[in-house]
Amino acid sequence: DAGITQSPRHKVTETGTPVTLRCHQTENHRYMYWYRQDPGHGLRLIHYSYGVKDTDKGEVSDGYSVSRSKTEDFLLTLESATSSQTSVYFCATRETGNHGYTFGSGTRLTVV
Amino acid sequence: DQQVKQNSPSLSVQEGRISILNCDYTNSMFDYFLWYKKYPAEGPTFLISISSIKDKNEDGRFTVFLNKSAKHLSLHIVPSQPGDSAVYFCAASGRGGATNKLIFGTGTLLAVQP
């Protein structure tokens, strides 16, 4: 979906380094989400945002932090990357009043 | 504890036949259910949804059935086409206020054989 851009699309990083993934939307949606996809686990919520500077934890938030300084950008930071954080990360947005999300194309992160 | 379960990791069907993908949930507070389709190297895309006040919703070849007493929903694809080959995720949301987080199942890989 051209309205949601995730960057980078692929990244390899070393254990212990900080990593920031970016999600940029042009939809002006209030709600934004970060999920990770892993085999056998499906999509699990890491953090979400319900407005500028308003964020909360999801089910797998340990080791991650987020920031949302403007409506269009939602950043996910791995404070000190570990091999267990090797995954595909998806950003999603939701328009107020709707149930469904629109997803970005994902970022494949490998921690070596 | 997995609140949304897809117990079949994979399913293989012949082109033209019916594909039935199943999903079970445990939380009776869920009131809206969605199916997403995902191709490799792409993000999930919305396919079809159903509110808990309904027991069926149809959109072309895709029909979702909801059995609230059994806490079970299913996605029927008729007729199946090779382009339907993808991972299908079931998702549910509850009366959780404005944040309305989606809880996803583990996915079912559908392979439609020509």
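Here is how names work: the chains are called A, B, and so on, in the same order as the sequence lines, proteins then strands, and each is numbered from 1. Computed over heavy atoms, backbone and side chain alike; hydrogens, waters and symmetry mates excluded.
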Between [X] and [Y], is there a shared hydrophobic cluster once you connect ILVMFWY residues whose side-chain heavy atoms come closer than 4.5 Å?
X	Y	result
B:Phe65	B:Tyr25	no
A:Ile46	A:Val19	yes
B:Val4	B:Trp35	yes
A:Phe74	B:Leu102	no
B:Val87	B:Ile20	no

Q.
Between B:Phe104 and A:Tyr35, is the ring centroid distance below 6.0 Å?
A. yes
Need one label for [X]: side chain, backbone, both or neither, based on atoms under 4.5 Å from any heavy atom in chain B.
X	result
A:Arg108	neither
A:Asn98	backbone
A:Leu45	side chain
A:Gln37	side chain

Q: Flag the pair A:Thr102 / B:Phe46 as yes when at least one side-chain heavy-atom distance between them is below 4.5 Å, and no otherwise.
A: no
Q. Quick one: are B:Ser93 and A:His99 in side-chain contact, heavy atoms under 4.5 Å?
A. yes
(Q) Quick check: closest heavy atoms across A:Leu43 and B:Pro44, and the distance to 0.1 Å? (A) CD1-CG, 4.0 Å
Q) Hey, is CZ on B:Arg61 packed in by over 12 heavy atoms from elsewhere, all under 6.0 Å? A) yes
Q: Any chance you could measure B:Lys101, atom NZ, to A:Tyr33, atom OH, to the nearest 0.5 Å?
A: 8.0 Å
Q. Rounded to the nearest 0.5 Å, what separation is found between the OH atom of B:Tyr36 and the OH atom of A:Tyr101?
A. 8.0 Å
Q. What's the verdict on side-chain contact (heavy atoms from CB on, under 4.5 Å) for A:Phe90 and B:Lys38, showing C-alpha distance, side-chain angles and the deciding distance?
A. CA-CA 12 Å; A:Phe90 288 101; B:Lys38 185 185 178 307; 3.3 Å; yes
Q. Where on B:Ala41 is there a heavy atom nearer than 4.5 Å to chain A: the side chain, the backbone, both, or neither?
A. backbone
